[in-house]
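The structure appears right after this line, and notes come after that.
Quick note on labels: first sequence line is chain A, next is B, and so on, each numbered from 1.
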Amino acid sequence: MADWQRTFTCGALRHDQVGQTVTLNGWVNSRRAYNQQIFVDLRDRHGVTQVVFEADPAVSTALFETAESVGREWCLSVQGEVRRRLPGKENPDLATGAVEVVARHIEVLNRCPTPPFEVTEFPGEELAGEDVRLQYRYLDLRRPSLQKSLLLRNRLNQTIRSFLDERSFVEVETPLLGRSTPEGARDYLVPSRVHPGAWYALPQSPQLYKQLLMVAGFDRYYQIARCLRDEDLRADRQPEFTQLDIEMSFVDQDDILKMIEELAVVVFRACLGIELPTPFHRLGYDEAMLRYGSDKPDLRYGLEIVDVTDWAGNSGFKVFQEAVASGQVVRAINAKQAAGRFSNTELKPGGKLSEVVTRAGGKGLAWLKVEEGKYSGGIEKFFNAGAVDALGACLGAVPGDLLLLVADVPDRAAELLGGLRVHLAAQLGLVPADNHLFRPLWVVDFPSFMRDSEEGRWVANHHPFTAPRVEDIPRLESDTAQVKARAYDLVINGYECGGGSIRIHDPVVQERLFAVLGMPTEQAHEKFGFLLDALKMGAPPHGGIALGIDRWAMILSGTSNIRDVIAFPKNQRARDLMTGAPAPVDLRQLKELGL
RNA sequence: GGGGAUGUAGCUCAAUUGGUUAGAGCGCCGCCCUGUCACGGCGGAGGUUACGGGUUCGAGUCCCGCCAUCCUCGCCA
C-alpha cells in the first residue's frame, strides 16, 4: 500500500480511533485559517472529517505552508493522529464531530482551480444554475444531495435484483441494435456500415425480445434495461431512460400486480424504511378519468371531480343548458375552503386561474364562492331559484368553499378539470414537497384502442401485443371502441411508474389485432413475422410489466427533476452540456457509412 | 412546431417612471487572528448587463430579431 492511501474514509472516525495514526483521502470541503492553526474539512462520499494543522516548527514548517496553500476541492491525502476534540468543541452536525485528525503529513494528490460554483452545500443556499452544473457534472456530483440520490438509486437496483433473484427470475440481456418497428415513439437510428442504406434502431423497450424469451421457456425474466426514445423532453422524461423489464409465463393479471406490490413494499422498506400498505388501490380507467380527469391521478389530495350534468340541464343557466342539450357535460370541483385564496380577478375571464382552463383549450371557467347563506361569483344571478343550493348540496359545499365548473365534451371536460385539479393542489399547497406520503394505485381496464387524432384510424392504447379481455375478443372488429385491455398502470403520487399487460399468445388473435390497427397481413408479416412465427410455436400464456426506474428513483429521493437521479443526463434540448453531444463527426466516418 | 418564464461580476441576486461612476451577499486575492466548523475583522480585484439591430439627448430598463436555459402543450405504442 502506498503511504498516501487511506486507512479510513472521511465518515468513519469515532472515539474508538482516538490515539491511532490514520490516513484520510478526500477533497477540501472548506478551510478555516488562522496564523498559527488551520482547520480543513476533508470530504469524501462517506462524510466529512475535520483536520487540524498546527504551526509547530518541531513538526514541519513545510506541512503548515502546504496546508496554507490548499484551496477548495483540492484532492488531498492527510496522515495524522486521531484526537478527541476539546470539551465543548465537538460538532454535533458531523458524524465524525467528536474527533479530529491532527495532521502530521500532507500530500497534495491534485490541485483544483477555483470551482465555477460551490460544491459545499449550506442550508437554504441557492444552487447555481443547472446549465453550469451540468457542464461540470463531475463537480456537481460531489454534492452530498446528488450523491445521496445516486446511492438511493443503487439501493433500489440492488433491492430489485435480490428480490427477483430470490424468486428465480433470470436476468437476460437483449440487443441494443435492433430493427425499427412501426407505431410507438420515434426511433433513434444507427446506420449499418456493412449494409449501406440499412439501419438499426435502438430499443424503445425490450418488449418483443422478452416475449420471445417466454416462448423460449425462460418463464420468469427480468432486465434493468436502457430504453431510448427520440421524443421531446420533460422534467420527468429523458431520451434514454431505464426500465425494470419483467415478463412471466403462465400468469394472469393478478399474479403480476400482486408480485409488483410485494416488490414495491420491499423497495420502500429498504430505501426509505416505510411500510406501504397492500393491496394497492385499484381504479378503472373510466372512473379515473371521471373522478380525477387523469389516467395517473395523484391521490395525496382530494379535489375530486363531480359530474353535475343532470343538475346543469335544469339550472336555468343558458350556457350550461345549451351545452348539455348538445351532448356536453358539466363537471365541478369543490376546492374546500379555497374561496379566500383566489381573488375575483384571478377567477374572472382572463384571470390567472381562468386561463389555466382556457389555455388548455377550454371555453371558460365558471365559479361560485360559498358564503354564509349565499353565493357570490360571476354566474349566481343566472340560475333558477334554488338551483345554486342544489349544486351546493351536490358538492357538499360549506361557507368558505370555492366551486369551479367546466362545460365541455366529456373527454375534454375530464382533461380540463384534471389539469385544474393539479394546478389547484400546487397553488393551495396540498402537496408538501418533502413529505413521505405515498399513494400508489393501479389503473386498470384501459380501452384497447384509441382513435388517432390526425388520421382517425385505430391505434393501440398500450401496444399492439396487449391482450384484450377474453370476453371482448369476439367483438374486436364489431365493437372496437368498447374493447378493454388486460393492461395495468402503476401510479404513485401522480407519476406513471410502470405499466404492463397480459400479452396475446394466440397468433390468430394477434393477426386480427394488427388488422384492426389497419396493418395489412403482408405488412404485419414483414414487420413482425418473427413474432407471429414464434407465437405459432407453442407460445405460453404470458404477461409482464415495465417499471420506470428513473421515476422510482425520483419518487424515493423526493425530487421532481429526473436529472437529479441520472449521473450524466441530457438537458431539455437533448444535449449533454458536459461532452457537447450530439456533435458533428468526421466526413470520413460518414463516407464509410455511405451517408 | 406552439405557449410561458428567465438571461446583469466566478455563483446567487438587486438596480423605483428610461437619467450620476451598474450595487449586495457568497466566492477569489492580500493583511490580521490558536478552537473554528456557513469562523471573524480590515482592505482589494473582478462587468461587452447573452448576442445583433432599433427608438431616444440618454437604454440593464422600451421595440424588433436571435441564441441559450428551464417549465409546458403537441409528442412520448
Could I get a table of every N or O pair under 3.5 Å where one atom is in the protein and the other is in nucleotides 6-11 of chain B?
unit_1	atom_1	unit_2	atom_2	d
B:rG10	O2'	A:P116	O	2.8

Less than 3.5 Å between a donor and an acceptor, one on the side chain of [X] and one on the base of [N], is that the case here?
X      : N      : answer
A:R83  : B:rG35 : yes
A:E125 : B:rU12 : no
A:E90  : B:rG35 : no
A:Q572 : B:rU72 : yes
A:N91  : B:rC37 : yes

Over 12 non-hydrogen atoms of neighbours within 6.0 angstrom of CG in A:D411
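No, the 6.0 Å shell around CG holds no more than 12 heavy atoms from other groups.
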Is it the case that atom CZ in A:R45 sees more than 12 heavy atoms from other parts of the structure closer than 6.0 Å?
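No - once you tally the heavy atoms of other residues, nucleotides and ligands closer than 6.0 Å, there are 12 at most.
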Close side-chain approach of [X] and [Y], heavy atoms under 4.5 Å:
X      : Y      : result
A:Q253 : A:S501 : no
A:I106 : A:L76  : yes
A:Y221 : A:I246 : no

[atom1] spacing across the pair [N] / [M], given as an integer number of angstrom:
N      : M      : atom1 : value
B:rG65 : B:rG4  : P     : 13 Å
B:rC64 : B:rG3  : P     : 14 Å
B:rU20 : B:rU16 : P     : 10 Å
B:rG10 : B:rC66 : P     : 28 Å
B:rC13 : B:rU6  : P     : 12 Å
B:rG74 : B:rA68 : C1'   : 23 Å
B:rC67 : B:rG52 : C1'   : 10 Å

Of all the choices, [options], which nucleotide is nearest to the side chain of [X] once you look at every atom?
X      : options                : value
A:F122 : B:rG3, B:rA38, B:rG35  : B:rA38
A:R573 : B:rU72, B:rU69, B:rG27 : B:rU69
A:R234 : B:rG74, B:rG27, B:rG35 : B:rG74
A:Y34  : B:rU69, B:rG3, B:rU34  : B:rU34
A:D232 : B:rC71, B:rU69, B:rC75 : B:rC75
A:N571 : B:rC70, B:rC39, B:rG35 : B:rC70
A:R237 : B:rU69, B:rG35, B:rC76 : B:rC76
A:E54  : B:rG74, B:rG35, B:rC70 : B:rG35
A:R32  : B:rU34, B:rC39, B:rC70 : B:rC39
A:E231 : B:rC39, B:rC71, B:rC76 : B:rC76

Assigned partner base of [N], Watson-Crick or wobble definition, under 3.5 Å:
N      : answer
B:rC28 : B:rG44
B:rA50 : none
B:rU56 : none
B:rC67 : B:rG7

Mind checking if [X] touches a base, just sugar-phosphate, or nothing, with heavy atoms under 4.0 Å?
X      : result
A:A33  : base
A:S205 : base
A:E100 : base
A:N461 : sugar-phosphate
A:D230 : nothing
A:R31  : nothing
A:I38  : nothing

Salt-bridge contact [X]-[Y] (side-chain N to carboxylate O under 4.0 Å):
X      : Y      : value
A:R486 : A:D445 : no
A:E100 : A:R83  : yes
A:D131 : A:R575 : no

Tell me which of A:R575 and A:Q204 sits closer to the 5' end of RNA chain B, going by the nucleotide each one is nearest to.
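Of the two residues, A:R575 wins.
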What distance separates A:R237 CZ from A:D232 CG, expressed to the nearest 0.5 Å?
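Atom-to-atom, A:R237:CZ and A:D232:CG are 7.5 Å apart.
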Not counting sequence neighbours, which residues clear side-chain contact (heavy atoms from CB on, under 4.5 Å) with A:Y209? List them please.
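Checked A:Y209 against side-chain contact (heavy atoms from CB on, under 4.5 Å); matches are A:T174, A:P175.
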When you measure from the side-chain N and O atoms of A:R85 to the phosphate of B:rC37, is any distance below 4.0 Å, counting only OP1 and OP2?
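Checking A:R85 against B:rC37: no side-chain N or O falls below 4.0 Å of OP1 or OP2.
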